[in-house]
Every structure is written in C-alpha cells, then in structure tokens.
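On a predicted model such as this, the values are computed, not experimentally measured, just so you know. Note on naming: letters A, B, ... go to the chains in the order of the sequence lines (proteins, then strands), and numbering restarts at 1 for each one.
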Amino acid sequence: MRYSKTLIPTLKEIPAEAEVISHTLMLRAGMIRKLAAGIYSLLPMGVYVTKKVEGIIREEMNRAGAQEVLLPAVQPAELWKESGRWEEYGKELLRFKDRHERDFCFGPTHEEVITDLISKEIRSYRQLPLNLYQIQTKFRDEIRPRFGVMRGREFIMKDAYSFDCDEKGVDESYNRMYDAYCRIFERCGLKFKAVEAETGVIGGSFSHEFMVLADSGEEGIVFCNSCDYAANIDRAEIRTKENGDGGENKEERKEIKKASTPGMKTVEEVSKYLKVRPQDLVKTLIFESENGIIAALVRGDHQINETKLKRFLDSNILLLAGDEAVREVTGAPSGFAGPIGLNIAIFADHGVKGMQNFITGANEIDAHNINVNIGRDFEIKGYGDIRNVKEDDKCPRCGKDANIKRGIEVGHIFKLGTKYSQMLGATYLDSKGEERFIIMGCYGIGVGRTVAAAIEQNHDENGIIWPMPIAPFQVLILPLNTNDTMVMETSEDIYTSLIDKKIDVVIDDRDERPGVKFKDADLIGIPLQIIIGLRNLKEDNIEIKTRRNGEIFKCSVDAVADKIIKLVRQDA
RNA sequence: CGGGGCGUAGCGCAGCCUGGUUUAGCGCACCUGCCUUGGGAGCAGGGGGUCGGAGGUUCAAAUCCUCUCGCCCCGACCA
C-alpha cells in the first residue's frame, strides 16, 4: 500500500469527545470517525485491523469445527414474539416497520434467527452436533454509548451457536469454544482472564466472560492468585466465614440513642462526625421493584451489588428509589434512612447478621440512631449475599487473598440449554425415535471492542503499538528524502521485494518532512519501520526500528528483506 | 429517563455575561509560491462560516427570550 493513495487522516490535536485512550488513538490514527452517537465509520486503517482480528477469529473457529454462515441483520418481529423477547428486550431493540406496516427489528443478537433456521433444517441426531458462526453488524440501542467503539450502538460481532443432543455434547461444545477463545485472544496479543459470569437477557445456565485487563474497563472482576478462581464482581460470592460475615456477636446490647448529624448523609461523613469506623454503620438502601418497595441493608464499609440483590429477590426490575419515594417510605430525605419503623420488607447482607449496637439513619432529617440492634429494634425478612467483594475479602474458593481489577468484556460464552429450542420448537429425533429439544450454546466476541482493548493494552505517549498479528501493516517504509532518486529507488526496491515475500507493507511516499513521517509512523503504530535516509544510504545502510521498544539498528540494503521476514515471523 | 454542560471554518477554541467598532476572530489543517528535508520547519499570499435549526424581542442579535435538534459528561441499564 502507498501512503499517498490511502486515507489515513491523523490528528495532531486530541479530540474533545474522547474519554479513553483507545478512543483518542483510534481517532488520532485515522481509524474511525463518528457519524452519530455510538455509530462509527471505519476508515482504511480501521478496516485493516478489523480484518486481521476477523481472520484470527475465522481460523480458530474453523479449527474448532465451526462453520461460517451469514444471517440477516433485519429480522421479522414474529420470531421475537415467539421467543418472548419482543416484549422482554426493551428499548435496546431497534424496531421499525416496513412499507406494509409490518414490524421488524435490527438484530442485536441472532438466537431467534438461528434457532428458527435449525428448527427447519435439523431432523435427526445424526445431523448433530453442529456449530454455526457469523461475523456481522449488530445494533443495540444502548442508553448511553461511550468510549468510541468500545460501547457503540452499531458494532461488529462474531456470534456462534452450538447445537447438541445432550448435556455431555453441549459441555464438549462449550469447552471447545472456551479453548478457541483463549487461542483467539492470545493470538491478538491480549492479556485477558476468563471469568465466571452472569447470563443476562440472553438467558441460560452457565457462562464465562473473557475480560481484557484494563483500568478503563467497565466490568469489575475478582480473581485469586493462589487458585484459578475468577469471576465477574456481579457473580463473585462472598466467602462468609473467612470474611467474618454472619458471625455471632456477644457484646452487650446498649440502649438506643439518637444523635444529631446535621447535613451528614454519607457513611464517610457520619462516621467521621461521630468518630466511629465505617463498619460500625449500617447503610439502608431503598429500592423499587415490580413487587413493590423494599429496603436492603449492608455494612457501612460495604457496597451493595444490585445484580446480586436482583437475583436474591428474584426480581426483573430493580431501581434505587428516587428522593421522592425515599421521603414517602422513610419520612426523611435520602441520607437519613434507617430500618426502624419501616413498614416495607427489609433484607440484609450476611455481613449485617452479627452486628450489634450499630448506627443507622433515624428516618428523620439530620439525625442518626446509635446502638441499633436487630430483633430488638426491627426485624430482617431475609439475609443474602448482596454486596460486592471488597479488596480485603478472601477468595471464595480457597480462602486466600482475592484481587479486584477492571476488565473489558471482549467475549462471552453461554450454555443456553433448551430455552430457545423450546420457544421456537427446535427438536430432533434421537436414536430411539423420540423427539427431543436441541441443547444450545452461544458464543460472542466483540470485534471492535477487541481492537479497542488491544490499543488499551498496547500504546505509549506517541501512539498505538500494534501486536504483530493484528497490525494493519507489518512494516512501514519511511523514505526520508523524497526528492533524492537513490533514496526513492532503494525504498521502492525494498517495497516490492517485501510484497513479493507476502509481507504487509506500506510505503510513506508522501512529500513530507521527516518529522511529520516519524510522528505519523509512531501514531499509527506499525510494528516495524524501515527508515531510509541519505545519511545511511551513502554507506549502503538503512535502519530498522521496532515500534514497541524504540530500538533502532542499521542493516545493509541487501540484508533488509531477510531480516524483516525474520522479525515478522518471530512476532506473528 | 433524571441531573449537569456544549453546539462559532475540517479539528481545537475565543467572542456571548454587559446587543452596535467585528466585514465574526485565533491556533492547527487546507491551497499557491519560495525555501527547507533525521522528530509535527520558515516566509509571503490565499480559500473556507446559514455562529446547530425555527420563531420572537430590538433601530440593531453569534450575543437577550421561547421552542426545537444534535452532541458530551454523571446516574440508572446492558451480549
């Protein structure tokens, strides 16, 4: 590729809209441009990288025995009504009508379509197992798109669906995908973790998320250094005993007192003001659910986890109550809620169980109660694991120290079971001639998100540093003196010889000053730069620079091609 | 959807509060010429704006008012 013939509109200045480094660099390196909120155009550099990632995905999916298909992006409402998700999916599903006023949606995922297809084509156990995948554009009308392609509304996703006869089969399919995913992300040069995860709207019984470790990640993950436990924070259990949750407390119950706490709303403020530790407080949080308003209690230094609470209450809708509702239920503005005297159901985290003589809001403005006790002052309807794992908590599996980090979810694999095959009637006849539901799994990879995640993990102050396997080009040739025939001819010779050797190479043939070329080269992050300038060429030398460590070494013109091939292979 | 903020040249911004001396400005980018060629050069000249849109107030609106559209941030939501 010739630089002068392609479109790589690099930016010197930092775009105002970008929040995370990958977004900034994708804009600055001329990979993407925004068209609307959460909707991006991919420019040539963006396409090259995307194709590389897709190529790796295809190779590994095919290696794992999956077959590629391409399903429609536009889907009829009937299918979604059959699965029940036309109502269930909510506003994230982009709906529209065709000219005949028939309802359609733009596919946010393809369980319905694939299950419908399979229900029509599969008759016998002899046709199973099967794993079909596609790489396709999806649309999810996210409430708040952000971070560029990391959380866009329109995005490219690889989704795969497995179809098996029995549990043993689906386990095998699942494990094969798990292994394939590990290979894919390893080949993309990513540091990642597979963590136990929640299943969400897709449904199903069992799932893992593949998380790329990055501070900018939107997911909390908990993992253990001693054993191989790793889970999404929404799923990670609290190891009750080791963390002192739910123990007995034999302290004497003191008399309840009211303390004035003017304007003190947060745990931090109250504990500082009353000169106690945050863990001597109990937070009372009011939630609205489809089954009415409830209160949830956690220790002052703990954080409620709404996903866990939702699961514990078996509720579909759960929202932190607004100021108005809080005032109605407690009689006080938010910040002063407490469990005493509430006539709604009160649930508590295990961590609250053993507490005595603790502090809560007094359901009265500017006041808190001291020496509150469960049983004497109020009753708990049920205890559950409803808080986040904390830094000093122990691993739920082995009891050693747990770690908490941030991650970007780049892949998610589910064991779906028969949810969709039942809804859409996908059955097969087993060897005894009995009709059975096909057992399904589904497996997604966010392609754009993988690209963004790779940048989050591979960059420096000058720009992107592509891992060789997903680099838009492997080599960039930089002729420094465009008006010098020797420089240009040598550059062109090296360029064609590398193309002959099947190296992905781009030559910066623009009539620009060296400084401009160097800056752009570092910004777009091509792993190997061949620098050709008069100075060295007079001694028949060129320079090779590796983008990652900035190392530069001289090399004779004749030896360049072989040297480059060696370097490319070594990282590929 | 709730709270906050921003829309002025391709990008980044100033001007708005206190309406008129502004023909709407600056930096970068762009075009022409000269010059320069190992880390985003220099000089000279030049092009580019419905001041997001609609309505209103006024002798006069980028500036004040109303509505509207778009975007960004925080919260809730999410394969």
Side-chain angles (χ1 to χ4, degrees), chain A residues 9-20 23 27-28 30 33-39 85 88-93 107-111 136 138-148 150-153 155-161 197-204 207-210 218-219 232 234 287-288 306-307 310 316-324 408-414 416 442-447 449 462-463 478-484 487 510-523 529 531-537 542-543 545 550 552:
Chain A
T10 57
L11 304 173
K12 247 195 256 189
E13 284 171 290
I14 298 167
E17 69 190 67
E19 277 282 299
V20 294
H23 189 192
L27 288 166
R28 288 196 54 209
R33 286 294 183 263
K34 187 173 71 181
L35 181 65
I39 301 177
R85 291 207 290 185
E88 215 176 273
Y89 214 94
K91 289 195 172 170
E92 240 176 68
L93 183 63
T109 173
H110 281 73
E111 281 81 9
Q136 230 246 18
K138 312 270 193 211
F139 194 95
R140 292 186 191 165
D141 203 350
E142 292 275 347
I143 294 170
R144 188 147 90 81
R146 60 188 128 169
F147 304 150
M150 214 130 99
R151 174 164 298 258
R153 294 195 291 171
F155 57 100
I156 300 169
M157 176 172 167
K158 188 284 304 179
D159 51 327
Y161 305 89
E198 283 295 309
T199 49
V201 209
I202 291 282
S207 100
H208 280 89
E209 284 167 338
F210 287 78
E218 294 186 86
E219 306 286 336
N232 190 301
D234 288 338
F287 285 93
E288 294 179 76
E306 289 186 32
T307 307
K310 213 176 197 172
N316 292 318
I317 306 158
L318 190 73
L319 286 170
L320 199 56
D323 284 353
E324 218 167 282
I408 300 164
E409 181 195 352
V410 290
H412 201 159
I413 59 178
F414 294 85
L416 280 179
C442 88
Y443 317 92
I445 291 178
V447 176
R449 206 180 261 192
N462 294 313
L478 294 173
L480 297 184
N481 320 80
T482 33
N483 51 9
D484 183 275
V487 167
R510 294 175 301 169
D511 181 20
E512 288 286 357
R513 299 167 56 83
V516 174
K517 294 190 176 191
F518 285 134
K519 286 289 183 190
D520 277 339
D522 288 348
L523 179 58
Q529 299 173 10
I531 300 161
I532 301 162
L534 262 183
R535 216 160 62 186
N536 286 300
L537 202 53
I542 56 87
E543 287 167 323
K545 174 179 163 184
I552 298 177

Check: Considering only the P atoms, how many Å lie between B:U63 and B:G42, rounded to the nearest integer?
Finding: 37 Å
Next item on the list: Under 4.0 Å between any heavy atoms, over every strand shown, what does A:Asn536 touch: base, sugar-phosphate, or nothing? Just pick one.
Entry: base
Notebook entry, point to check: What nucleic acid atoms does A:Asp484 come within less than 4.0 Å of, heavy atoms only: base, sugar-phosphate, or nothing?
Noted result: nothing
Notebook entry, point to check: Considering only side-chain heavy atoms of A:Glu19, which listed nucleotide, B:C73, B:C77, B:G39, is closest?
Noted result: B:C73
Next item on the list: Look at all strands and tell whether A:Glu306 reaches a base, only sugar-phosphate, or nothing, counting heavy atoms closer than 4.0 Å.
Entry: sugar-phosphate
Checklist line | Ionic contact status for A:Arg146 with A:Glu19, cut-off 4.0 Å | finding: no
Check: Do any side-chain nitrogens or oxygens of A:Arg144 fall under 4.0 Å of OP1 or OP2 in B:C73?
Finding: yes
Check: Can you check the A:Lys517 NZ to B:U36 C1' distance for me, whole Å?
Finding: 14 Å
Margin query: Quick check on RNA chain B: between A:Pro514 and A:Pro145, whose nearest nucleotide comes earlier from the 5' end?
Written below: A:Pro514
Checklist line | Integer angstrom distance from the C1' of B:C35 to that of B:U8 | finding: 35 Å
Item checked: For B:C28, the Watson-Crick or wobble partner whose two distances fall under 3.5 Å -> B:G10
Check: Considering only the C1' atoms, how many Å lie between B:U50 and B:C31, rounded to the nearest integer?
Finding: 24 Å
Check: Among B:C77, B:C71, B:A79, which nucleotide sits nearest the side chain of A:Ile143?
Finding: B:C77
Margin query: Taking only the P atom of each, what is the distance from B:A44 to B:G27 in whole angstrom?
Written below: 12 Å
Note to self: Please classify the nucleic acid contact of A:Lys158 as base, sugar-phosphate, or nothing, using heavy-atom distances under 4.0 Å.
What the structure shows: nothing
Margin query: Between A:Lys517 (side chain only) and A:Arg510 (backbone N and O only), is there a donor and an acceptor less than 3.5 Å apart?
Written below: yes
Checklist line | Any N/O donor-acceptor pair, A:Arg151 side-chain to B:C78 base, under 3.5 Å | finding: yes
Margin query: Taking the C1' atom in each of B:G56 and B:C78, what is the distance between them to the nearest angstrom?
Written below: 43 Å
Notebook entry, point to check: Should A:Leu480 and A:Val487 count as side-chain neighbours, where that means a heavy-atom distance under 4.5 Å?
Noted result: no
Note to self: For a quick check of understanding: with a heavy-atom distance under 4.0 Å over all strands, which category does A:Phe210 fall into, base, sugar-phosphate or nothing?
What the structure shows: nothing
Notebook entry, point to check: Using a cut-off of less than 4.0 Å, is there contact between a side-chain N or O of A:Lys310 and OP1 or OP2 of B:C78?
Noted result: yes
Next item on the list: Keeping the roles fixed (side chain from A:Lys138, backbone from A:Lys158), state whether a donor-acceptor pair exists under 3.5 Å.
Entry: no
Margin query: Treating A:Arg153 as the side-chain partner and A:Phe139 as the backbone partner, does any N or O pair qualify as donor plus acceptor under 3.5 Å?
Written below: no
Notebook entry, point to check: Any side-chain N or O of A:Lys34 under 4.0 Å from OP1/OP2 of B:C71?
Noted result: no
Checklist line | Side-chain donor or acceptor of A:Arg33 paired with backbone N/O of A:Leu27 under 3.5 Å | finding: yes
Checklist line | Sugar-phosphate only, base, or nothing, as touched by A:Arg28 at under 4.0 Å among non-hydrogen atoms | finding: base
Could you list all N or O pairs between the protein and nucleotides 8-12 of chain B that sit under 3.5 Å apart?
{"unit_1": "B:C11", "atom_1": "O2", "unit_2": "A:Glu13", "atom_2": "OE1", "d": "3.3"}

Checklist line | Atom P, compared across B:U18 and B:C64: separation rounded to whole Å | finding: 8 Å
Note to self: Whether the A:Asp159 and A:Gln136 side chains hold a donor-acceptor pair (N or O, under 3.5 Å, no angle test) is what I'd like checked.
What the structure shows: no
Notebook entry, point to check: Paired with B:C71 by Watson-Crick or G-U wobble geometry, both distances under 3.5 Å: which nucleotide is it?
Noted result: B:G5
Next item on the list: Please tell me which of the listed nucleotides, B:U37, B:C71, B:G40, lies nearest to the side chain of A:Lys12?
Entry: B:G40
Next item on the list: Could you tell me whether the phosphate oxygens of B:A41, OP1 or OP2, come under 4.0 Å of any side-chain nitrogen or oxygen in A:Arg513?
Entry: yes
Checklist line | Nucleotide of B:A79, B:G40, B:U37 approaching A:Asn481 most closely (side-chain heavy atoms) | finding: B:U37
Next item on the list: Report which part of the nucleic acid A:Gly533 touches: base, sugar-phosphate, or nothing (heavy-atom distance under 4.0 Å, all strands).
Entry: base
Note to self: Roughly how many Å apart are B:G7 and B:C13, using the C1' atom of each and rounding to a whole number?
What the structure shows: 13 Å
